[in-house]
Amino acid sequence: MKNLVENLVADALAVLPAGTLGDGALPDPGVERTRDAQHGDFATGVAMRLAKAARANPRALAARIVAAVQPNPLVAKTEIAGPGFINFFLTPAAWQSEMARVLDAGERYGRGTAGAGRSTIVEFVSANPTGPLHVGHGRHAAFGATVANLLAADGWRVHREYYVNDAGRQMDILAASVWLRYLELCGETLPFPANGYRGDYVRPVAANLRARYGDALRRPAAEVLAGLPADEAAGGDKDQFIDAVIARARQLLGDGFPIVFDAGLADMLADIQGDLAEFGVTFDRWYSEQALGDGRDGGPIDRALRRLRANGHVFEQEGATWFRATLFGDEKDRVVVRANGQKTYFASDIAYHLDKRERGFELLLTILGADHHGYVARVRAGLAAMGEPPESLEVPMVQFVTLWKGGEKVAMGKREAQFVTLRDLRAEVGNDAARFIYVMRSHDQALDFDLELARKQSNDNPVYYVQYAHARIASVLKQAAERGLPFDRAAGLAGLAMLAEPAEIALMREVSRWPEVVHQGAEQRAPHLVVHYLRELAQAFHACYAALPFIVDDAHTRNARLALIAAARQVLVNALGILGVSAPESM
RNA sequence: GCGCCCGUAGCUCAGCUGGAUAGAGCAGCGGAUUUCUAAUCCGCCGGUCGGGGGUUCGAGUCCCUCCGGGCGCACCA
C-alpha cells in the first residue's frame, strides 16, 4: 500500500520540468505512514527536503508536486499541510483490495524484492564447541535466525553459517579435560586443573570414550602428573599448568590424543547442533576452522597471507609476521604469524572472511557479542588490504542478557548468562517465549529476560497476547463452520466493500503494513520491529473483536468480516513464522 | 588514557536514519461481558528525551563538551 503512494510521488517528481527540483538525481519519495490520522494515511516531507536545492518555498513546491500526481481511484484526497508535508488520504477500497491480495498471496504476503537476489552470508552463534550453549548464545541464535529470515523475505539469497572454532588452545583444553575425567572413570586419582572445563557435561563425553575404547587410553596418574608445574591451588599459574597437562597428554597418548580431541569435539558439536535444531535455528553450513588450513594451495589462511604479502602489507619483526593494519584505519599493526610459527586467531579471521568473499557473498553479516567490537576495524582492515571492499562486512553486535526471576537478578557469575544453559531456559519457558523475548528489544540494548514473565500465561506476557489473537481467529472460523456458516472465500472477497467500520479500517491498515515491516526490518537488521508490529496487529484485531461480531446472519457482512480476520490470521502466521514462533490453533 | 554502545513516563522499551502535538507495554486509577475464548476491550494519570552549547525552516535523532552506566584496547581463543 505504501508502495502505491511511493510510486505516485516518484512519478510526479519525474514529471516535473527539469530544474524544478534543483539538479541531481531524483530524490527518494520519502513516504511514511502518518502518526496521526488527521494527517491522512501516508505523508511525505520531500518538498521540504528539496526546498533549499530548488530555491523554492516548501509549500509552493509541494503544490507543484501535488499537481503532478496522477489521479488514482484509491486516493481519496491529497493535501498540503504544516510546513510543507504532502498528505495522502486513501479510500476504504484501497485497504479492502489489499485484503484480497493477502488472501491471494497467502504465506508469500509481505515478501519483498529489495534484496534483488543479492547474496549474503549470515554468520551467527559460532560459540566454541567446548561446552553447551548458554543463555547469551540463545539471543544470538534467535537474533541471527530472524535477521536471516527477514533478509530472505525481502529478496536476498541468504546463507546461514556457524563458524566452528574446532582448532586452537581452548579445544586442547577440552580434550585434556575429557581425558582427565576418563582417567577418573578408569580409577586413577588425580586433581582437576583450575583452568580445565569443570562442567558436568564433560563426564558423559568421557564415559562414551571409555565405552568405546575401554582402558586403551589409560595412563598411570603418576606418569601424567610427573614433573608438572604447580596449579593455581598450589600457588602456581593455571595457564602454565593446563598447557603442561595438554603437552603431557599429547606425549603419553601419541595417536590417541586426536581420538580424545575428536571425541570431545564431536560430542559438544552434536549437543550444540541438537540444541539449536530444537530451538528452530538451522544452518546451511557448519564451517570448520580446521578447514582454513586445508587445501592444495594451503587453504584460505595461506591464500590470505599470500594476498597480503603480494599487496605489500606484511613485514617481519622480532621473529613474527605482521600485517600493517594501521595503513587501513586500525589502531595498531597485527601479528598474523607468531614467532613460534603458529598462525594467530586474527589470521584465521581474515582468512575466513576472505573465503566468504571468494564464495561470492556480497554482504558479510557477522553477528558478534558486544565484547567483540575491537574486532571489526581489524577484519575490515584485512579485507581492504586483500583488495576486498571493507564495507561488505557488517557486524551487528548483540548486547548481554541478564536473567531475572520476578524482581531478582539470577546470579550467573562474572560473565553474564554463562552458567545457565539455553537448554535449561527452553525447558523452563518454552521455545516460543524464548524466541519472542530474545528479539523483543533492539540488539544493541542490553536485555533483561524475566523468567517469571516469560512463563506466565497471562495478559502481561506479550507472547501470549499475540498468539491468543491467532487462536481467537482460528476459533471464530471453526465456530462459523460448526454453525453451518463456513467462511465463503469468494463471497468474502466479493463483499470486501462492506468493511467500513472504524475498527475494521484500523485492522486493515495494520494488516497491510506487514510488507513495510519486512522491508524495514531487513534493511535495519531489526527483528524487534516484527515484535512491535505483531503487538500492534494483535491489538487491532482484539479491538475489532470487541467492537463487532463476525458470525452474523447477513452473509455479505459475515463473509467480508471473516475474510478480514482470515487475512489478519495469515499475516500473524507469516510474522510469527519470521520469528520462529508457533501460531497455535487454540490456547 | 583511547575507542565502541547506551542514557526517552515510576519500571521495561519504541521512535521508520532531520519532520507535524515524543509513543507503546507494565504498574496505578476508573469503566465494559445475556453475543464468536475476559489470556480481551475502552478511558484517565504520567515527560527539563542525562546536563550544557552548536548546526537549520525544523533536533529525541546530526556536531562539540561534560556527567552517569556497560564493553573493549594480546605473538589468548
Side-chain angles (χ1 to χ4, degrees), chain A residues 30 32-36 38-39 43-45 48-49 51-52 57-58 81-85 87 128 130 165 167-173 239 289 317-322 331-332 334-340 342-346 348 369-377 397 399-400 404 407 416 440-442 444-448 450 453 456-465 467-469 471-480 482-483 503 516-517 519-521 523-524 526 528-529 531-532 535-536 538-539 541-552 561-562 565 586-587:
Chain A
E32 296 176 358
R33 292 249 172 182
T34 58
R35 225 173 283 174
D36 187 335
Q38 286 182 348
H39 302 137
T44 172
M48 291 179 292
R49 284 198 301 280
K52 186 179 272 182
N57 173 294
F85 289 101
N87 295 333
N128 287 348
T130 53
N165 289 271
R169 181 162 172 267
Q170 294 306 316
M171 288 306 296
D172 287 338
I173 294 177
D239 283 305
E289 180 186 357
Q317 189 180 304
E318 292 167 11
T321 305
W322 296 68
E331 53 189 11
K332 53 179 77 166
R334 306 287 173 180
V335 172
V336 283
V337 183
R338 286 191 256 165
N340 66 10
Q342 283 191 321
K343 278 118 184 173
T344 61
Y345 192 80
F346 172 65
S348 301
D371 51 339
H372 282 74
H373 61 250
Y375 162 108
V376 184
M397 278 175 307
Q399 296 287 335
F400 291 131
W404 295 78
E416 313 283 331
M440 190 162 59
R441 303 298 177 218
S442 167
D444 53 18
Q445 198 77 234
L447 177 70
D448 287 322
D450 189 334
L453 178 63
K456 218 191 279 184
Q457 311 218 342
S458 78
N459 52 354
D460 39 352
N461 186 335
V463 191
Y464 288 100
Y465 181 82
Q467 289 185 319
Y468 180 48
R472 260 185 155 179
I473 295 172
S475 172
V476 170
L477 292 170
K478 195 172 135 209
Q479 293 238 358
E482 281 169 4
R483 292 190 204 173
E516 298 157 37
V517 174
H519 177 60
Q520 202 183 332
E523 202 163 54
Q524 297 185 19
H528 70 278
L529 296 180
V531 172
H532 286 272
R535 250 207 51 77
E536 282 154 19
Q539 144 77 27
F541 165 73
H542 286 310
C544 203
Y545 184 97
L548 4 117
F550 303 119
I551 307 174
V552 293
R561 287 182 179 165
L562 293 180
I565 64 170
S586 66
M587 292 175 70

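First the proteins, then the strands, lettered A, B, ... as listed; each starts at 1. None of these values were measured; they are calculated from a predicted model.
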C1' gap between rC64(B) and rG25(B), integer Å: 36 Å
Which of the following nucleotides, rU40(B), rA14(B), rC75(B), is nearest to the side chain of R472(A)? rU40(B)
What's the closest nucleotide to the side chain of H373(A) if the choices are rG3(B), rC41(B), rG7(B)? rG3(B)
Heavy atoms under 4.0 Å, any strand shown: does S586(A) hit a base, just sugar-phosphate, or nothing? base
Ring centroids of H39(A) and rA20(B) base under 5.5 Å with planes under 30°: yes
Regarding rU17(B), purine or pyrimidine glycosidic angle vs 90° from 0 gives syn
Counting Watson-Crick and G-U wobble pairs only, both distances under 3.5 Å, name the nucleotide matched with rC71(B), or none. rG3(B)
Is F400(A) stacked on the base of rG70(B), meaning ring centres closer than 5.5 Å and planes within 30 degrees of each other? no
Quick check: on RNA chain B, is the nucleotide nearest Q342(A) upstream (toward 5') of the one nearest Q524(A), or the reverse? Name the residue that is more 5'. Q524(A)
I want to verify a distance call: between rU21(B), rC13(B), rA20(B), whose nearest atom is closest to the N87(A) side chain? rA20(B)
Consider the side chain of K332(A), meaning its heavy atoms from C-beta on, and name the nucleotide among rA38(B), rA74(B), rA14(B) that approaches it most closely. rA74(B)
D448(A) side chain: which of rC5(B), rC13(B), rC75(B) is closest? rC13(B)
P549(A) side chain, from C-beta outward: closest of rC42(B), rC36(B), rG19(B): rC36(B)
With a 4.0 Å cut-off on heavy atoms, is A81(A) in touch with a base, just the backbone sugar-phosphate, or nothing at all? base
Does Q399(A) have a side-chain nitrogen or oxygen under 4.0 Å from the phosphate oxygens OP1 or OP2 of rC71(B)? no
Sugar-phosphate only, base, or nothing, as touched by A43(A) at under 4.0 Å among non-hydrogen atoms: base
Phosphate contact (rG25(B) OP1 or OP2) by H532(A) side-chain N/O below 4.0 Å: no
